[in-house]
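The next block holds one structure in the form of structure tokens; read it before the comments.
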There are 2 protein chains.
Amino acid sequence: MYSTDFTKRLLTYRLSLTHLKKVGLNDVYSHLLAGETSHSASLIRKDLSRLQVKGKRRGGYDIDTILQAINAYFGNKERDRIILAGMGNIGKAIIQNKDFEKHNIQIIASFDLNPAIQRKKFSIPVFPMEKCREIVVNYKIDVAILAVPAFSAQSVCDQLIQCGIRGILNFAPVNLKVPDNVYVSNVRLVDELQQVIYHTKQKRKHGEYS
Amino acid sequence: MYSTDFTKRLLTYRLSLTHLKKVGLNDVYSHLLAGETSHSASLIRKDLSRLQVKGKRRGGYDIDTILQAINAYFGNKERDRIILAGMGNIGKAIIQNKDFEKHNIQIIASFDLNPAIQRKKFSIPVFPMEKCREIVVNYKIDVAILAVPAFSAQSVCDQLIQCGIRGILNFAPVNLKVPDNVYVSNVRLVDELQQVIYHTKQKRKHGEYS
DNA sequence: TCGAATTTGTTCAATTGATCACAATAATTA
DNA sequence: TAATTATTGTGATCAATTGAACAAATTCGA
């Protein structure tokens with residue numbers, strides 16, 4: 001299986017390529033894409049080669065061909081349906097984000113422990129956790145976004161897995177414990193920011209300009 | 001300079017260690033921390049060695065010592081002050097998040113192009129972009145969170161840099177172009193989710209259980 | 001049509017990063 | 001106290017990933 005870095009780079013390429021296409025280009029050179037994505041040209045060529053995308057020598061690569069290959073890699077034929085656990089600030093921000101729809105990802109339902117929130121109206125239905133199994137099973141859901149407070153994250157995570165969830169995007173600042181047939185990816189906003197702060201300070205110290 | 005992976009791991013360790021401490025532990029073995037963080041025990045020992053944290057042979061490591069070393073590594077003496085650009089869904093979710101405060105990061109001001117939003121009351125003041133330079137200079141701000149829509153991301157980014165910002169945490173689905181004395185880290189929610197979906201499917205195919 | 005210029009595709013080398021393995025050391029038990 | 005067990009700390013090895021370099025191919029211009 002390919003490394004997660006490879007997979008991540010593909011999404012970076014896709015972002016730049018859709019942009020370049022919008023700007024009016026039909027072809028790219030590896031150098032051009034390198035400038036856009038800050039990956040080296042030779043690495044890009046290697047990645048495209050792994051995707052079995054052929055370029056024309058001296059002619060560059062056809063953008064649509066690359067985009068199709070990337071989408072095929074992610075299996076973007078069918079629409080992916082997922083659920084959301086936690087309707088706090090982050091949860092709300094997520095369901096209001098239109099980008100998921102654009103990429104054929106649909107959040108079909110949300111869960112929250114708080115009955116007051118269950119009663120409020122959102123763009124998607126909000127259920128109590130007890131409803132989780134029913135929905136996961138009926139709609140054959142594999143993936144969940146976990147956006148609950150830290151103190152309940154592990155417990156909600158366990159419930160999700162119990163219901164059949166096999167992939168989790170976790171926003172809670174917790175290192176979840178899961179069986180190894182479950183895939184977890186963490187988005188830790190504080191950590192991300194702390195890293196930016198750290199590396200910014202480092203650049204000031206060691207950077208070429210200072 | 002150390003790799004970003006190392007820096008990221010330290011924050012993972014910190015998360016588990018504060019948890020373990022809360023649970024009542026004073027010491028950890030590298031194996032234990034390995035189980036919590038899903039990094040190998042030997043890698044953890046190497047990392048701690050790089051941090052110049054000494055353990056006791058057969059006695060493990062003192063949790064507080066590690067935590068102090070990690071915090072020292074990130075220079076957590078002084079409070080870090082940053083700004084936020086964009087008061088949409090993500091921006092609002094960020095200022096409502098209490099975790100930043102807990103880690104001594106203070107968001108001192110926010111900026112938004114929309115005058116209606118500027119007039120609303122939030123926990124921090126919201127200014128028009130024209131005020132940016134004044135605040136960045138007066139308060140000596142280095143780092144900004146960029147949470148504006150994709151179409152204006154590059155332009156706002158340019159303005160931030162123009163005002164003196166040197167580190168950016170970017171939430172817009174755009175590959176920003178910045179001079180190389182500026183550090184950028186991207187949080188791409190759609191990409192993160194797409195990766196989870198992809199790897200979850202892969203696990204179903206190739207995983208040990210299936 | 002021929003040559004020059006340019007870009008891909010791929011091999012090779014080198015660096016980096018992680019794991020392995022084990023010596024050193026400390027604690028525990030008999 | 002001596003033997004045994006458990007854990008750190010690190011040198012050596014192994015693997016993976018990236019970058020460099022160059023041959024092959026295509027286009028363009030003269």
Side-chain angles (χ1 to χ4, degrees), chain A residues 1-13 16-17 20 25-70 73 175 180 195 198-199 202 206, chain B residues 1-13 16-17 20 25-70 73 175 180 195 198-199 202 206:
Chain A
M1 213 211 293
Y2 288 138
S3 79
T4 69
D5 282 352
F6 172 68
T7 306
K8 185 180 276 186
R9 283 198 301 274
L10 292 186
L11 294 170
T12 307
Y13 300 156
S16 286
L17 291 170
L20 293 174
L25 293 187
N26 293 316
D27 304 277
V28 270
Y29 304 133
S30 56
H31 301 90
L32 176 57
L33 196 50
E36 295 286 319
T37 60
S38 66
H39 290 117
S40 78
S42 73
L43 180 55
I44 289 173
R45 291 201 297 277
K46 220 170 236 172
D47 285 342
L48 293 178
S49 167
R50 282 217 272 184
L51 270 185
Q52 295 179 314
V53 169
K54 305 282 178 206
K56 283 182 196 162
R57 304 208 183 212
R58 186 168 174 150
Y61 298 88
D62 179 62
I63 291 182
D64 282 327
T65 307
I66 304 178
L67 286 174
Q68 279 166 29
I70 293 176
Y73 179 87
N175 289 321
D180 59 354
Q195 282 185 82
Y198 175 77
H199 288 296
Q202 291 305 309
H206 305 295
Chain B
M1 216 211 293
Y2 288 136
S3 79
T4 70
D5 282 351
F6 172 67
T7 305
K8 185 181 277 186
R9 284 198 301 274
L10 291 187
L11 293 170
T12 307
Y13 300 156
S16 285
L17 290 170
L20 292 174
L25 293 188
N26 293 316
D27 304 276
V28 271
Y29 304 134
S30 55
H31 301 89
L32 177 56
L33 196 49
E36 295 286 319
T37 60
S38 66
H39 290 117
S40 77
S42 69
L43 180 55
I44 289 173
R45 291 200 298 276
K46 271 236 169 85
D47 284 343
L48 293 179
S49 166
R50 284 218 270 183
L51 270 184
Q52 295 179 313
V53 169
K54 305 283 178 207
K56 283 181 197 161
R57 306 212 179 206
R58 184 158 178 162
Y61 298 87
D62 179 62
I63 291 182
D64 283 326
T65 307
I66 304 179
L67 286 174
Q68 279 166 30
I70 293 176
Y73 180 86
N175 289 323
D180 59 355
Q195 283 186 80
Y198 174 77
H199 289 295
Q202 292 304 309
H206 305 294

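No hydrogens, no waters, no symmetry mates; every other heavy atom, side chains included, goes into these values. Here is the naming used below: chain letters follow the sequence lines, and residue numbers restart at 1 for every chain.
At a cut-off of 3.5 angstrom, counting only N and O atoms as typed in the model, there is no donor on one side facing an acceptor on the other between the side-chain of Arg57(A) and the base of dT26(D). At a cut-off of 3.5 angstrom, counting only N and O atoms as typed in the model, there is a donor on one side and an acceptor on the other between the side-chain of Arg58(A) and the base of dA5(C). Counting atom types as modelled, Lys46(B) pairs a side-chain N or O with a base atom of dG11(D) as donor and acceptor under 3.5 Å.
Rounded to whole angstrom, the span from the CG atom of Leu43(A) across to the P atom of dT18(D) amounts to 5 Å. In this structure, the CG atom of Asp62(B) is 17 Å from the P atom of dT7(D), given to the nearest Å. At whole-Å resolution of the value, CZ in Arg50(A) and C1' in dT18(D) are 11 Å apart. Look at CG on Asp5(B): it is 11 Å from C1' on dA18(C), rounded to the nearest Å. The nearest whole Å value for the distance from the CD1 atom in Ile44(A) to the P atom in dG9(C) is 13 Å. Whole-Å rounding puts the Tyr29(A) OH to dT26(D) C1' distance at 11 Å. Arg45(B) places its CZ atom 12 Å from the C1' atom of dA18(C), with the value rounded to the nearest Å. In this structure, Asp27(B) places its CG atom 15 Å from P of dA26(C), rounding to the nearest Å.
Arg9(A) is listed as a side-chain neighbour of Leu43(A), based on a closest heavy-atom distance under 4.5 Å.
Distances shown here put a side-chain N or O of Ser49(B) below 4.0 Å from the OP1 or OP2 atom of dT10(D). Phosphate proximity of dT7(C) to Tyr61(A): absent, as no side-chain N or O sits under 4.0 Å from OP1 or OP2. Contact annotation: Ser40(A) reaches the phosphate of dG19(D) (side-chain N/O to OP1 or OP2, under 4.0 Å). Taking only side-chain nitrogens and oxygens, Arg9(A) comes nearer than 4.0 Å to OP1 or OP2 of dT18(D). Between Ser30(B) and dT8(D) there is a side-chain polar atom (N or O) within less than 4.0 angstrom of OP1 or OP2.
Between Lys54(A) and His39(B), the residue whose closest nucleotide on DNA chain C is further toward the 5' end is Lys54(A). Across the interface with DNA chain D, nearest-nucleotide mapping of Asp47(A) and Lys56(A) shows Asp47(A) to be the residue nearer the 5′ end.
Taking the six-membered ring where the residue is Trp, Phe6(A) and Tyr73(A) present perpendicular rings, their angle passing 60° and hence far from 30°.
Side chain of Asn175(A) to main chain of Thr12(B): a donor-acceptor pair is present (N/O by atom type, distance under 3.5 Å, no hydrogens or angles).
Ring centroids of Tyr13(A) and Tyr61(A) are separated by 6.0 Å or more, keeping the two rings apart.
Across Val28(A) and Ile66(A), no two heavy atoms sit closer than the pair CG2-CD1, 4.1 Å.
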